[in-house]
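Step one of this worksheet: look at the structure below.
Counting starts at 1 for both ligands and their atoms, in listed order. The residues of the chain are indexed from 1 along the displayed sequence.
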Amino acid sequence: MVTTVANKDPIRVGVLFSETGVTSTIGRSQLQGTLLAIEEVNEAGGIDGREVSPVVYDAKSDPAVYAAMAERLISHDRVNVIFGCYMSSSRKAVVPIVEKWNKLLFYPTLYEGFEFSNNLIYTGAAPNQNSVQMAEFMTSNFGARVYLIGSNYIYPYESNRIMGELVLQHKDSARLAERYVPLQAQDTEFRDIMKDIREKSPDFIFSTVVGDSTASLYRAYADAGFDPKKMPIASLTTSEAEVRQMGADVATGHFTSAPYFQSIESEVNRRCLERLRQRFGEDCVPNLCWESAYFQFHIYANAYRLSGNDNIGEIMPHILGSEYDAPQGRVRIDPSNHHTCLYPRIGRANSRGQFTIVREATRSVHPDPYLVTHSLGDWTASLSMIES
Ligand code: ACM
């Protein structure tokens with residue numbers, strides 16, 4: 001008689017975020033979101049009785065380190081799947097490596113769109129799930145004369161281009177300026193820009209500044225004495241984590257468009273935040289990228305249970321079309337483009353360091369990473385005003 005012995009070896013997965021460097025505040029939260037989900041899976045008995053064992057590397061906010069560590073995870077640690085990356089420059093560095101080895105990257109970050117890889121699952125927002133809603137909200141509440149300012153790399157260039165095009169659909173619109181600062185920019189580098197903003201007097205500022213210099217931008221704005229009620233900053237990346245860095249007083253009144261805010265009042269979100277705090281205390285600041293990092297691991301684990309392994313060819317059919325009750329609502333991986341159906345929301349930063357949700361989609365919005373449809377009016381029907 002032949003008896004088969006069930007494989008009880010741990011399942012090794014790669015986890016690649018920045019624990020140090022300019023984007024480490026978000027990177028650490030993404031790591032904590034991933035580890036929380038892994039612990040939940042392990043506490044519930046693992047995947048088919050096998051413990052999940054994360055191999056974690058610090059990519060130091062440097063695309064070259066991302067590339068080197070991705071190569072190491074695959075060729076040395078023998079993982080089939082990597083959970084990781086924040087900046088689009090780091091994703092662009094890892095994509096050729098997962099494609100070369102035919103492995104899988106789960107990417108939990110909003111980004112500029114216009115990309116597809118058979119070896120990626122994108123669980124952050126595409127521009128039709130954040131930029132379109134932000135453009136509609138800002139132009140209808142403040143006007144369409146925009147000042148664009150970003151960090152010096154691909155996501156800001158592309159995201160500013162998209163915002164500029166969206167805003168120009170509005171009457172009386174203008175792209176008043178497009179300015180870029182280094183990733184390590186300090187308060188002084190924003191002072192000149194504030195002078196220019198005073199001269200040009202936009203209706204709103206669209207910030208694609210990321211990482212530590214986000215706090216410097218908002219502080220320079222506050223020091224210049226500008227009023228967020230009249231000329232706010234709108235962003236897709238300024239989350240609760242950056243707000244904690246800059247201080248709630250500096251952030252209050254500015255807007256962010258994201259599928260997730262800590263303030264979402266749902267049982268799933270409340271319970272998830274409780275578990276996170278039990279595990280990591282107040283060290284972790286949950287935000288949109290934390291949430292994507294959290295739910296994408298559960299999507300992977302559920303797919304693995306169906307496929308029995310994580311070879312890309314076998315697990316992918318179980319990932320595509322799969323759904324999960326995430327803290328933001330029920331999300332779904334779109335089989336046609338590997339992006340995720342998400343819930344656009346607009347939040348206004350408040351004095352508690354949180355976001356008051358002022359608009360939210362009544363249902364999830366299908367990802368359209370190539371912005372095939374992107375007129376401002378197409379999206380208003382899916383949004384309901386909660387509080388003005
Ligand atoms: C980003 O670089 N995708 C925020």
Exercise. Do Asp48 and Tyr304 get their side chains close enough for a donor-acceptor pair, meaning under 3.5 Å?
Worked result: no
Exercise. Counting N and O atoms only, with roles assigned by atom type, does the side chain of His338 sit under 3.5 Å from a partner on the main chain of Leu120, one being a donor and the other an acceptor?
Worked result: yes
For this session: Could you tell me if the ring centre of Tyr260 sits under 6.0 Å from that of Tyr343?
Result: no
Problem set entry | Ring centre gap for His339 and Tyr111 strictly below 6.0 Å | yes
Problem set entry | Pairing residues for Thr252 by the side-chain hydrogen bond (donor to acceptor under 3.5 Å, both in side chains) criterion, not counting sequence neighbours | none
Problem set entry | Check ion pair Arg359-Glu136 (N to O, under 4.0 angstrom) | yes
Seminar exercise, completed: Under 4.0 Å from ligand 1, residues with heavy atoms, in chain and number order, are Tyr86, Met87, Ser88, Tyr107, Thr109, Leu110, Tyr111, Tyr153, Tyr155
